[in-house]
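The structure appears right after this line, and notes come after that.
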There are 2 protein chains.
Amino acid sequence: MATRTRRSQRRTEALSRERIVEAAVELLDAAGEGGLTFRALTERLATGPGAIYWHVANKSELLDAVTDAVVAAALAIEPAEPAESAESAESAESAEPSESVEPAEPSESADSPQEKIRAVALGLFDAIDEHPWLAAQLTAQLSRSPWGSVTPRIFESIGRQVRALGGTEGSQFTAASALVHYILGAAGQNAANGRGPGPDVDRGEFLDAASRAWQELDPDDYPFTRAVAEQMREHDDREQFLAGIDLVLTGITARHLSGGAAGASPVS
Amino acid sequence: MATRTRRSQRRTEALSRERIVEAAVELLDAAGEGGLTFRALTERLATGPGAIYWHVANKSELLDAVTDAVVAAALAIEPAEPAESAESAESAESAEPSESVEPAEPSESADSPQEKIRAVALGLFDAIDEHPWLAAQLTAQLSRSPWGSVTPRIFESIGRQVRALGGTEGSQFTAASALVHYILGAAGQNAANGRGPGPDVDRGEFLDAASRAWQELDPDDYPFTRAVAEQMREHDDREQFLAGIDLVLTGITARHLSGGAAGASPVS
DNA sequence: ACCTGAACACCGTTCAAGT
DNA sequence: ACCTGAACACCGTTCAAGT
């Protein structure tokens, strides 16, 4: 409602694909998937639809470009050099860490493959947290064209580190796929929790409501879900996300220890 | 093009929410996400839009109902009793199993929690394979309302088995979440591979093209992706999917063995 | 209570025309 | 080469009116 009549666009500046993508991201961030419209876009860029169609084939291509740009930025940001002193400026936000996850093992160096995988994963996690529309867009683009630029980008970032973990090429492919799948699935779900149905609903209320809804499920049909409903309210998204990453990493390294690919159950 | 004029609908049968959902599924299966239209729906059901809106609030609610119905069916089907003789009628389709994954360990009983988790996962996998639009729809609904009926349904199916695996309630929550995230992420991606950009493109060509595209990536920027491009063409989706599940399961059980929640690296 | 169907506002996309 | 803007086909949704 506030940022409507934003006219005085310097229409001197030539229209370009980048400017269009940039405006599209702003619209998506501001109003979600439904906010990106060729009409809104023309208004913001002070042109007509034809101008946009000259730079971009159609909406689907525009969305691909937007997705690619945001993902590329997210993956580029992983601080290649930690460099900084090891002050724990990491995740000291709200509420104490509770019990669910301990800090990383001291036995693991800061630039181990594991740590780099966590960094890449968090980069994507944060990108989706910042741009909630990204989750659905990633799924959509993966469906449209797995050979698009986004999939290889993500796959490569993870895969390189997986390779450093060793194992046969086959197990590396499996491991990298599993990590990417987990990341996309988890990030997608968290995009949900993070923003909720819209910017209008408060985050806390949202999780409270969800937790309450879960507690009111039929005890016979949903024993497990009811039992963990409490945790779902208290959990920290990032912590939980990283705990999942660690689970998969444990699986990967445990397999190597037990000698190459094998069945799933070292137990019973 | 063929199944167009399907008029002689017995309009005696009263319209109902179920019939609408049923028709919606058919349209989605036939023509993908874009195929579900209130106009197409009215034509198929031989009514007007008003009639549909009397049974269903809006398109978003209809999609939720459709998603819920399909997921519920998928989860209900998991063959509670294997019963059949152990003839290997499992996955003997095309191409020999190659090397990537061995059959499950003989040490694991057929109705172990692990095996049941695989069954649930495969149920969802197959549902998405059969209804490729489901993947995006799941993401969308999770974003819209995590308290909807779909999330608890899936979460419960997995969680019950996870509980049987033991561990603290906290680790169970983490484990179940990780599994669900992996399943949704992987299934989403596979919905892509399974159908490709449309029903018009052949499956084999599609994967070939993707593999080729990966092999032509810049060797400096994409060493890992290029290296595994070959596997991506040869891999069997279901096998790969199950291998990922097993990876997560290994992670879960390995953690229990090493004594409760811990860091991610039993190695170096 | 349940259904009809015209109408409305909005959307992606096209295209002849301008510079 | 790059942009304008009217126009087209289509979509979700509403609503007065019927039974």
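Numbered from 1 within each chain, the chains take letters A, B, ... in sequence-line order.
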| field | Pair assignment for DNA chain C - dot-bracket with | for other-strand partners, Watson-Crick or G-U under 3.5 Å | value | ||.|||||...|||||.||
| task | Could you tell me whether B/Tyr182 and A/Tyr182 have their ring centroids closer than 6.0 angstrom? | result |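 Not under 6.0 Å, so no.
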| query | Is the shortest side-chain N to carboxylate O distance from A/Arg153 to A/Asp68 below 4.0 Å? | reply |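 Between A/Asp68 and A/Arg153 there is a salt bridge, with a charged N closer than 4.0 Å to a carboxylate O.
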| Using the C1' atom in both, what is the distance from D/dA16 to C/dC3, to the nearest Å? |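 Those two atoms are separated by 13 Å.
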| message | Could you work out, with salt bridge (charged side-chain N to carboxylate O under 4.0 Å, His left out) as the rule, every residue matching B/Arg226, not counting sequence neighbours? | response |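 Salt bridge (charged side-chain N to carboxylate O under 4.0 Å, His left out) list for B/Arg226, sorted by chain: empty.
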| said: For A/Ser211 and A/Glu230, which I'm curious about, is there any donor-acceptor pair between the side chains at under 3.5 Å? | reply: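 No donor-acceptor contact under 3.5 Å links the two side chains.
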| B/Gln161 (side chain) donor-acceptor with B/Ile117 (main chain) under 3.5 angstrom |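 Judged by distance alone, no pair lies under 3.5 Å.
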| Residue pair A/His235 / A/Glu239, side-chain heavy-atom distance below 4.5 Å |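 With C-beta onward as the side chain, the pair stays apart.
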| field | Note, A/Leu28 side chain near A/His131 side chain (heavy atom, < 4.5 Å) | value |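 With C-beta onward as the side chain, the pair stays apart.
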| Parallel, tilted or perpendicular: which describes the rings of B/Phe173 and B/Phe155, with under 30° parallel and over 60° perpendicular? |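 Taking B/Phe155 first and then B/Phe173, their aromatic rings stand perpendicular (interplane angle over 60°).
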| What one-letter contact string describes nucleotides 2-14 of chain D from 5' to 3', where B marks a base within less than 4.0 Å of any protein heavy atom, S marks contact via sugar-phosphate atoms alone, and - marks no contact? | BSBBB----BBBB
